[in-house]
Student: 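Dumping the structure here so I can ask a few things about it.
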Amino acid sequence: MRLPKGIRWDLSVDEAMRVQTELSKKVIEEDYLPDTIRLVGGADVHQVGPEQMLAVVCVVSLPALTLVEVSKAVTDIVFPYIPGLLAFRELPAVLKAMESLKSDPDVLLCDAHGRAHPRRFGLASHIGVLLDKPSIGCAKSRLYGHAREPEDAPGEWTELTDPRDHTVIGAVVRTQKSSPPLYVSVGHRISLPTAVKFVQDCCKGHRLPEPLRLAHEIARQSVRAPRRLTQERLF
DNA sequence: GCGACAG
DNA sequence: ATCTTGTCGC
């Protein structure tokens, strides 16, 4: 998959926040995606030691949810972890993994927020806009917004709203009984109802949707064995 | 000033 | 994200 060129990552915190505010205007919150979705991607990033990041992208086919491709990439850490600015830390690794991907997923699930963000531009939206690809934010915990707790049954969900203007910015979705809910939000080129439906369709008995569950598991295993990673050692 | 805070 | 054991519940 082709990547945009000339992106600068050596930004100050102020500059990074301004970039988010600007790019957030480009987010499309409508279903601008193929009629039939056959491939769903899932991206997860792990930190490896004090100075490296490992990104794993898994592509799964619908409706069987069978794994069709895995791509990995290692990059040096170029930005600290700051709540709200996660994209500037993880995007270099995710983009590199996306670059070596052979298949072209119809939609990409991200282990992060999309519109459910202080400036309405979390990692899921950032990667969606940069690649002009439908994307969904699917985080394990809350960053921003108010919501009531959904009932304890798979499929139950509540709205996540912006306390400033009461806009709906996401959904809190119970994907498995007795498990903490997922925070689903629009990344890019998709509507919230469609995003919620996709996440639910991709969960086969687990809390996380299959593409993300697999990516997370593969990343965890890759980080386990070697103490230091090289691009070649990943394969 | 104080708390909250994706991974 | 990472550092970390056993343990309780679905």
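Not measured: the values here are computed from a predicted model. Numbered from 1 within each chain, the chains take letters A, B, ... in sequence-line order. Heavy-atom basis, side chains included; hydrogens, waters and symmetry copies ignored.
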Student: Are any of the side-chain nitrogens in A:Lys133 or A:Asp104 under 4.0 Å away from the carboxylate oxygens of its partner?
Tutor: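 Yes, A:Lys133 and A:Asp104 are salt-bridged.
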Student: Is there a salt bridge (charged side-chain N to carboxylate O under 4.0 Å, His left out) between A:Arg174 and A:Glu149 once you walk through the steps?
Tutor: CA-CA 9 Å; A:Arg174 186 83 61 188; A:Glu149 178 87 1; 3.0 Å; yes
Student: It should be established whether A:Arg142 places a side-chain nitrogen or oxygen under 4.0 Å from OP1 or OP2 of nucleotide B:dC5.
Tutor: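 So the side-chain polar atoms of A:Arg142 do come within 4.0 Å of the phosphate oxygens OP1 or OP2 of B:dC5, strictly under.
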Student: Could you tell me the separation between the NZ atom of A:Lys140 and the P atom of B:dC5, rounded to a whole number of Å?
Tutor: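 Rounded to the whole Å, the gap is 15 Å.
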Student: Which nucleotide sits closest to the side chain of A:Val223: C:dC10, C:dT2, B:dG7?
Tutor: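 Out of C:dC10, C:dT2, B:dG7, the nucleotide with an atom closest to A:Val223's side chain is C:dT2.
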Student: Would you indicate, yes or no, if C:dT2 has its OP1 or OP2 atom less than 4.0 angstrom from a side-chain nitrogen or oxygen of A:His46?
Tutor: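 Checking C:dT2 against A:His46, a side-chain N or O does come within under 4.0 Å of OP1 or OP2.
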Student: Atom CG of A:Asp44 and atom C1' of C:dT2: how far apart are they, to the nearest Å?
Tutor: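 Taking atom C1' of C:dT2 as the reference, CG of A:Asp44 is at 14 Å.
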Student: Quick check, does A:Tyr183 stack with B:dA6? I mean ring centres under 5.5 Å and planes off by under 30°.
Tutor: no
Student: Tell me whether A:Lys96 is salt-bridged to A:Asp76, with the criterion being a basic N under 4.0 Å from an acidic carboxylate O.
Tutor: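 Salt bridge between A:Lys96 and A:Asp76, a charged N being under 4.0 Å from a carboxylate O: no.
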Student: What would the secondary structure line of DNA chain C be in dot-bracket form, counting Watson-Crick and G-U wobble pairs under 3.5 Å, with [ ] for pairs that cross earlier ones and | for pairs with another strand?
Tutor: ..........
Student: For A:Arg119 and B:dC5, give me the distance from atom CZ to atom P, rounded to whole Å.
Tutor: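 Computing the A:Arg119:CZ to B:dC5:P distance gives 16 Å.
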Student: Can you measure A:Leu109 atom CG to B:dA6 atom C1' for me and round it to whole angstrom units?
Tutor: 15 Å
Student: Just how far, in rounded Å, is P of B:dA6 from NE2 of A:His113?
Tutor: 7 Å
Student: Closer to the 5' end of DNA chain C via nearest nucleotide, is it A:His216 or A:Lys177?
Tutor: A:His216
Student: Round to a whole Å and report the spacing from CG of A:Leu85 to P of B:dA4.
Tutor: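 Taking atom P of B:dA4 as the reference, CG of A:Leu85 is at 20 Å.
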Student: I want to check one thing: is the phosphate of B:dG7, taken as OP1 and OP2, less than 4.0 Å away from some side-chain N or O of A:Ser141?
Tutor: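 For B:dG7, OP1/OP2 do have a side-chain N/O of A:Ser141 under 4.0 Å.
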Student: If the threshold is 4.0 Å, N to carboxylate O, is there a salt bridge linking A:Arg115 and A:Glu29?
Tutor: yes
Student: Would A:Asp162 and A:Arg120 pass as an ion pair if we require N to O under 4.0 Å?
Tutor: yes
Student: Could you work out, with salt bridge (charged side-chain N to carboxylate O under 4.0 Å, His left out) as the rule, every residue matching A:Asp10, not counting sequence neighbours?
Tutor: A:Arg8
Student: For DNA chain B, what dot-bracket results from Watson-Crick or G-U pairs at under 3.5 Å, with [ ] for crossers and | for inter-strand partners?
Tutor: .......
Student: Taking atom P of C:dA1 as reference, at what distance in whole Å does atom CD1 of A:Ile82 sit?
Tutor: 18 Å
Student: Would you say the side chain of A:Pro105 lies within less than 4.5 Å of the side chain of A:Val40, judging by non-hydrogen atoms?
Tutor: no
Student: In whole angstrom, what separates A:Phe88's CZ from B:dG7's P?
Tutor: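 For the pair A:Phe88 CZ and B:dG7 P, the rounded distance is 18 Å.
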Student: Looking at A:Arg220 and A:Glu217, is there a salt bridge between them, counting it only when a charged N and a carboxylate O are closer than 4.0 Å?
Tutor: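 So A:Glu217 pairs with A:Arg220 through a salt bridge.
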Student: Between A:Tyr81 and B:dA6, is there a contact of a side-chain N or O with OP1 or OP2 at under 4.0 Å?
Tutor: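 A:Tyr81 to B:dA6 OP1/OP2: side-chain N or O found under 4.0 Å.
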Student: Step through it carefully: locate the ring centre of A:His126, locate the ring centre of A:Phe88, and say whether they are under 6.0 Å apart.
Tutor: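 Yes; A:Phe88 has its ring centre under 6.0 Å from that of A:His126.
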Student: Heavy atoms under 4.0 Å, any strand shown: does A:Leu182 hit a base, just sugar-phosphate, or nothing?
Tutor: nothing
Student: Tell me what A:Gly84 touches on the nucleic acid: a base, only sugar-phosphate, or nothing, going by heavy atoms under 4.0 Å.
Tutor: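 Counting heavy atoms under 4.0 Å across all strands, the contact made by A:Gly84 includes a base.
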Student: Do A:Leu85 and A:Val13 have side-chain heavy atoms sitting under 4.5 Å apart?
Tutor: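 They are in contact (side-chain heavy atoms under 4.5 Å apart), so the answer is yes.
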